[in-house]
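Just so it is clear: chains get the letters A, B, ... in the order the sequence lines come, proteins before strands, and each one is counted from 1.
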Protein chains: 2
Amino acid sequence: MTLSEENYLKSIYSLQREHRKGVSTNVLSKYLDAKPASATEMIKKLDEKGLVRYQPYQGVLLNESGEISALKIVRKHRLWETFLAQKLDFSWDEIHDVAEQLEHIKSDKLIQQLDKFLGYPKYDPHGDPIPDENGHVIKMEKKRVSQLQPGDTGSCIGVNDTSSSFLQFLDQQNIRLGSVIQIVNFQDFDKSMTVRIEDRELILSQIATENIYVRI
Amino acid sequence: MTLSEENYLKSIYSLQREHRKGVSTNVLSKYLDAKPASATEMIKKLDEKGLVRYQPYQGVLLNESGEISALKIVRKHRLWETFLAQKLDFSWDEIHDVAEQLEHIKSDKLIQQLDKFLGYPKYDPHGDPIPDENGHVIKMEKKRVSQLQPGDTGSCIGVNDTSSSFLQFLDQQNIRLGSVIQIVNFQDFDKSMTVRIEDRELILSQIATENIYVRI
DNA sequence: TATATTTTTTAGGTTTGCCTAAACTTTATT
DNA sequence: AATAAAGTTTAGGCAAACCTAAAAAATATA
Ligand SMILES: [Mn+2]
Ligand SMILES: [Mn+2]
Ligand SMILES: [Mn+2]
Ligand SMILES: [Mn+2]
């Protein structure tokens with residue numbers, strides 16, 4: 001499998017949660033920073049290889065073997081992120097881009113030994129579960145901060161937006177994995193929320209509250 | 001710089017020691033398992049980019065900026081080899097192919113932190129010196145076993161042939177970095193040598209003695 | 001020195017992955 | 001239901017990195 005095929009599979013995997021009837025070429029190409037025509041081409045190729053189900057104009061979904069392949073790449077990505085954060089002192093926002101490259105290194109032994117070296121971690125530094133060797137992932141019961149009510153409390157287990165600027169913002173505000181977030185109140189006019197984090201109150205925009213995941 | 005450009009630069013770096021007047025397209029293409037026509041194309045491209053000096057029919061040599069680039073890749077390759085051997089329990093012969101992929105990962109911070117994590121190693125698992133951040137390499141006074149006389153003793157510091165089959169052979173014979181090798185005698189008819197390694201005597205072929213480096 | 005052999009380059013193709021622009025299909029609006 | 005808008009596919013190109021086969025240059029041999 002080529003680097004590009006792997007990136008498409010992984011993207012379809014990420015997108016099909018929220019696009020149950022099919023990931024459109026538009027959505028997919030935007031996610032990958034490419035043009036819709038390029039997505040169509042690649043999708044057709046993956047379809048011919050038996051990794052996805054594709055009906056013209058109806059979007060694309062992984063089939064079983066496509067999902068197995070995608071999960072292998074997700075596993076590698078998350079193990080490398082864990083390595084970068086735990087062993088090489090990379091910060092939350094620096095790990096993603098490098099893991100994006102490392103996930104494509106081909107060596108079964110490498111990933112097996114890396115897993116062992118890290119002590120078989122269950123979650124990556126963003127709080128996302130790491131698939132095991134057989135592609136089994138822990139399903140998490142996670143909510144967005146935006147779905148909580150005033151008075152509710154949750155602990156941060158991950159993010160949706162993994163952009164550097166967002167992760168840096170969280171770092172600056174001292175919001176990290178495990179941080180306990182309590183909703184103080186909700187402003188209707190702009191959907192922002194006042195939250196309490198470790199004795200400190202701050203206002204999070206709608207965009208922010210929609211991109212932070214918590215477990216209650 | 002593309003992956004392919006990096007591989008060509010690194011190959012020219014390795015070959016120009018023994019091809020002082022210029023690395024021919026024939027030699028270069030054979031080393032890279034490609035066709036001479038492909039080497040010519042890439043050399044012209046590297047020349048246009050100002051990384052090598054190339055005169056048609058006269059072979060190619062790195063210029064200063066080409067050598068700096070090549071040394072960066074060599075540094076990455078050897079640091080990754082050290083990581084694989086020391087931290088992930090890869091054996092001597094397994095590390096090369098994976099490092100061949102890892103050396104192309106682009107991140108200054110990654111290589112800096114990896115160096116730190118490994119404790120700023122000076123030599124890789126094959127005994128080759130690791131260039132520092134500024135591209136400075138320790139010049140080693142190394143001899144091939146084949147250059148020794150009966151009675152001479154040396155300690156193994158590296159190999160020339162890095163093929164799996166050779167490294168596996170060395171593993172089987174318990175020849176590793178630091179092994180003390182004493183020449184017992186020399187057979188003129190086939191240039192083989194009887195050597196003593198830790199109380200054990202064995203016969204090494206000419207090919208073998210030419211591919212093991214020692215420090216006296 | 002003339003000829004043969006080897007080496008190197010050039011010319012023309014192929015594959016992968018990307019693009020733009022035009023054509024087509026689906027969905028939304030009147 | 002007809003038309004407009006939006007989304008998708010197709011057609012035709014391009015760049016990188018490889019290839020084969022033919023032409024050209026360098027080197028070896030007679
Ligand atoms: Mn990737
Ligand atoms: Mn992650
Ligand atoms: Mn390489
Ligand atoms: Mn090495």
task: Rounded off to whole Å, could you give me the CG-to-P distance for the A:Leu46 and C:dT16 pair?
output: 13 Å
message: Tell me which residues in residues 17-33 of chain A lie within less than 4.0 Å of DNA chain C, going by non-hydrogen atoms.
response: none
- request: Applying side chain to side chain contact (heavy atoms under 4.5 Å, CB included), run through A:Phe90 and B:Leu110 and close with a yes or a no.
  value: CA-CA 8 Å; A:Phe90 273 59; B:Leu110 175 61; 4.1 Å; yes
statement: Residues A:Glu67 and A:Leu62: closest non-hydrogen pair is CA-CD1, 3.9 Å
- request: Determine the minimum heavy-atom distance between A:Ala85 and A:Pro125, stating which atoms define it.
  value: CB-CG, 3.6 Å
message: By nearest heavy atom, map A:Thr2 and B:Pro36 onto DNA chain C; which one lands nearer the 5' end?
response: B:Pro36
query: How many Å lie between NZ on B:Lys45 and P on C:dT9, as a whole number?
result: 17 Å
- request: May I ask you to say what B:Ser38 touches in the nucleic acid, namely base, sugar-phosphate or nothing, with a heavy-atom cut-off under 4.0 Å?
  value: base
- request: Between C:dT10, C:dC18, C:dG17, spot the one nearest the side chain of B:Thr40, thanks.
  value: C:dT10
message: Can you confirm whether the side chains of B:Asn26 and B:Ser24 place a donor and an acceptor under 3.5 Å from each other?
response: no
statement: Contacted region of DNA chain D by chain A, from 5' end to 3' end of the hits, cut-off under 4.0 Å to heavy atoms, spans D:dG7 to D:dT10
query: Is it true that the side chains of A:Ser163 and A:Asp161 contain a donor and an acceptor less than 3.5 Å apart?
result: yes
query: What are the residues of residues 55-63 of chain A, sorted by number, that bring a heavy atom to within less than 4.0 Å of DNA chain D?
result: A:Pro56, A:Tyr57
Side chains of B:Ser146 and B:Glu210, donor plus acceptor under 3.5 Å: no
Stepwise side chain to side chain contact (heavy atoms under 4.5 Å, CB included) check, B:Ile216 with B:Asp152: CA-CA 8 Å; B:Ile216 304 168; B:Asp152 288 353; 5.9 Å; no
Verdict with reasoning, B:Asp93 to B:Ser164, per side-chain hydrogen bond (donor to acceptor under 3.5 Å, both in side chains): CA-CA 5 Å; B:Asp93 58 300; B:Ser164 284; 4.6 Å; no
- request: If a pair satisfies ring-ring contact (aromatic ring centres under 6.0 Å, His included) and one of its residues is in residues 29-84 of chain A, list it, with sequence neighbours excluded.
  value: A:His77-A:His96, A:Trp80-A:Phe83, A:Phe83-B:Phe83
Contact check, side chains of A:His104 and A:Lys10, non-hydrogen atoms, under 4.5 Å: no
- line: All heavy atoms of A:Gly135 vs all of A:Leu71, minimum pair found to be O-CD1, 3.2 Å
- line: Rounded to whole Å, CD1 of A:Ile43 lies from P of C:dC18 at a distance of 12 Å
task: Check side-chain contact (heavy atoms from CB on, under 4.5 Å) between B:Lys45 and all other residues, then give those that pass, not counting sequence neighbours.
output: B:Thr2, B:Glu5, B:Met42, B:Lys49
message: Categorize A:Ala37 for me: base, sugar-phosphate, or nothing, with a 4.0 angstrom heavy-atom threshold over every strand shown.
response: base
- prompt: For B:Asp108, does the CG atom sit with more than 12 other heavy atoms under 6.0 Å from it, leaving out its own atoms?
  reply: no
statement: Rounding to the nearest 10°, end axes of the helix from C:dT1-D:dA30 to C:dT30-D:dA1 built from five pairs each make an angle of 10°
